Amino acid sequence: MKVAYLLESTNAREILEHMIIPQMEEGRHGVEVAGMMFFFDNTYMLVEGSDIAARLQALSEKTGVLLMACDRCCYQRDIADKLIAPAGIGCFPNVYAALAPAGVDQVITL
């Protein structure tokens, strides 16, 4: 099964950092993660120089997981030019188009 995560809640970092990322790193997450879309303050997780950003970058390079941040959220926080290399910025139409070829079975909002 292929899933995509929309990270929009204040608890998303806790779930991603302590559950999803370690499971993906250890190959025991149980599903293929096709993409992650970050909203609001969760976009800071993609800013270059943080531990979580480095881990997400490594996972993206290893598995091809799409990393995308909400464009409006990035511009409001003045971080659009500070994201890790594989992360893109965009809106829903961009993430739909980018994930369409992956054949996502479920979208999970955290």
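The structure displayed is predicted, hence computed values, not measured ones.
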Please answer whether the main-chain N or O of V65 pairs with a side-chain N or O of S60 as donor and acceptor at a distance below 3.5 Å.
yes
Report yes or no: does K2 contribute a side-chain atom to a donor-acceptor pair with the main-chain N or O of A102 at less than 3.5 Å?
yes
Show the nearest heavy-atom pair for residues [X] and [Y], with the distance to one decimal.
X: D105; Y: M1; result: OD2-CA, 3.4 Å
X: S50; Y: M45; result: OG-O, 4.1 Å
X: N42; Y: S9; result: ND2-O, 3.0 Å
X: P22; Y: L16; result: CD-O, 3.9 Å
X: M36; Y: I20; result: CE-CG2, 4.4 Å
X: T43; Y: F38; result: CG2-O, 3.5 Å

Is there a side-chain contact between E32 and V3 in this structure, where contact means two heavy atoms from C-beta onward sitting under 4.5 Å apart?
no
Is there side-chain contact between C74 and L83, with heavy atoms separated by less than 4.5 Å?
yes
Is there a continuous path of hydrophobic side-chain contacts, each under 4.5 Å between heavy atoms, that joins L46 to M24?
yes
Co-membership, hydrophobic cluster, residues M19 and L56, 4.5 Å side-chain:
yes
Show your reasoning for whether side chain to side chain contact (heavy atoms under 4.5 Å, CB included) applies to Y5 and M37.
CA-CA 6 Å; Y5 291 112; M37 179 76 170; over 6 Å; no
Using the salt bridge (Lys or Arg N to Asp or Glu O under 4.0 Å) criterion, which residues pair with R72? Sequence neighbours excluded.
none
For E61, side-chain contact (heavy atoms from CB on, under 4.5 Å) partners two or more places apart:
Q57
Would you please name every residue forming a side chain to side chain donor-acceptor pair (under 3.5 Å) with [X], sequence neighbours left out?
X: E25; result: R55
X: Q23; result: H29
X: D71; result: none

For residues 3-19, which residue pairs qualify under salt bridge (charged side-chain N to carboxylate O under 4.0 Å, His left out), counting only residues two or more places apart or in two chains?
R13-E17
Could you please spell out the steps behind the side chain to side chain contact (heavy atoms under 4.5 Å, CB included) verdict for F39 and L7?
CA-CA 6 Å; F39 295 92; L7 300 143; 5.9 Å; no
